[in-house]
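Every number for a ligand or one of its atoms is a count from 1 in the order of the listing.
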Amino acid sequence: MKSDKLGINSLLIHSGEVDDAFGSATVPIYQTSTFKFKSADHGAQCFSGETKGYIYTRIANPTINALEEAVAAIEKGFGGIATSSGMGAVTTVYAAYLSQGQHIVSHNAVYGPARGIMETIFARFGVECTYIDATDIENVRAAIRENTKLIYLETPANPTMGITDISAVCAIAKEKGIPVCVDNTFCSPYLQNPLELGADVALHSMTKFINGHADVVAGMLVTKDEKNYNLLRSTMVNLGFNMDPHQAYLALRGLKTLGIRVERAQQNAEKVAVYLENHPKVEWVKYPGLASHPQFELAKKQMRGPGTMISFEVKGGLNAGKIVMDNVHLSLLAVSLGGVESLIQHPASMTHSKLSKEKRQEAGITDGLIRFSIGIEDVEDIIADLDQALNLV
Ligand SMILES: *Cc1c(COP(=O)(O)O)cnc(C)c1O
């Protein structure tokens with residue numbers, strides 16, 4: 001059934017099937033750590049790669065492979081590498097491309113721990129990093145050095161919603177032979193395909209949109225070509241960032257409804273953004289679907305829709321933000337995003353609290369910034385809930 005001609009929703013439902021003896025409509029959970037060889041010769045052939053056979057679940061597993069194939073199909077890549085978490089995917093990328101004395105260029109508002117492990121753990125191994133505002137392409141060009149071996153982007157960025165021109169960065173990187181990895185978590189493959197825009201690797205925290213039901217932590221890397229696939233796969237396997245088969249089964253189930261979930265949540269988000277922009281207690285709203293967004297035109301060019309994530313600043317800073325968060329009842333006060341339920345959080349005290357205040361300011365993460373992940377509830381209820389909370393400010 002698999003075909004490049006299928007639309008994305010058909011691919012979501014029909015990619016990643018396995019051959020199983022009973023014709024199961026879903027991908028079975030191969031909950032096993034190891035696989036029996038038929039003979040010594042068969043074992044030897046599996047190890048040499050002569051025969052495609054499963055050996056050990058850290059290396060490969062049929063349930064996990066089905067998920068990898070399905071995500072690679074919708075991300076339009078050569079192959080997928082599933083990981084135990086999004087951070088497992090980030091660590092795999094850093095470890096695969098960077099050695100002592102080499103340098104990474106990244107956006108100053110990337111996912112907090114993605115920057116945190118670079119500035120603490122990888123710095124101890126002699127990797128140098130430069131964090132810049134990548135929404136200005138000239139900053140990217142200026143930050144590249146002789147020893148730059150990776151450009152790591154996240155767009156839209158977390159939580160400022162700043163958008164980087166993926167094609168423009170990839171054009172600069174290509175001139176210098178530097179691989180580009182794009183964290184595509186905020187869009188999901190449904191709204192943006194970085195590999196088609198020139199990136200070498202697309203990264204996902206599948207904990208978010210791809211699984212979508214707030215019940216799994218998982219990650220995925222999709223590469224444009226075989227060379228990057230082999231490098232990242234062997235790094236992941238040897239570092240032990242593999243996923244569990246049961247985790248893969250749940251992510252596969254979530255993946256099937258990615259399209260309708262994103263469509264519905266996006267419709268809601270467009271209405272919530274307009275509501276917030278017109279509210280007297282709101283200082284500003286950052287949403288790629290509003291003409292007031294600084295990269296509104298770029299968003300339209302690069303993304304198939306404005307998405308479901310909104311950042312906004314309540315007048316009155318930290319305290320006002322706290323009042324809103326303590327008084328919403330429908331939306332959960334929780335980190336994470338991209339699920340069926342609306343989630344609201346405060347980056348300065350939560351996801352980005354490990355960054356110093358100066359670094360937060362530099363990255364545009366103000367004290368009163370609230371990040372809102374819009375779910376698929378009835379939008380009237382989301383707005384009514386927000387309205388009563390804002391009116392208490
Ligand atoms: C959540 C997240 C991650 C990390 O993923 P985990 O699954 O929590 O390890 C990385 N990047 C972005 C943009 C995220 O939102």
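Inspection of the Asp215 and Asn211 side chains reveals an N or O donor paired with an N or O acceptor under 3.5 Å.
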Please output the side-chain donor-acceptor pairs of residues 21-30 that fall under 3.5 Å, not counting sequence neighbours, one pair per line with the distance.
from  : atom 1 : to    : atom 2 : distance (Å)
Ser24 : OG     : Thr26 : N      : 3.3
Ser24 : OG     : Thr26 : O      : 2.6

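Annotation for Thr92 and Leu232: closest pair CG2-O, 3.6 Å, computed over non-hydrogen atoms.
No path of Ile, Leu, Val, Met, Phe, Trp and Tyr side chains, each step under 4.5 Å between heavy atoms, connects Met161 with Val335, placing them in separate hydrophobic clusters.
Protein residues having at least one heavy atom under 4.0 Å from any atom of ligand 1 are Ser85, Gly86, Met87, Tyr111, Glu154, Asp183, Thr185, Ser205, Thr207, Lys208, Val217, Ala218, Leu337, listed by chain and number.
Sorted by first and then second residue, the side chain to side chain donor-acceptor pair (under 3.5 Å) pairs with a member in residues 281-295 read Glu277-Ser292; sequence neighbours excluded.
Here Ile376 sits in one hydrophobic cluster together with Val340; the rule is ILVMFWY side chains under 4.5 Å apart, joined directly or through other members.
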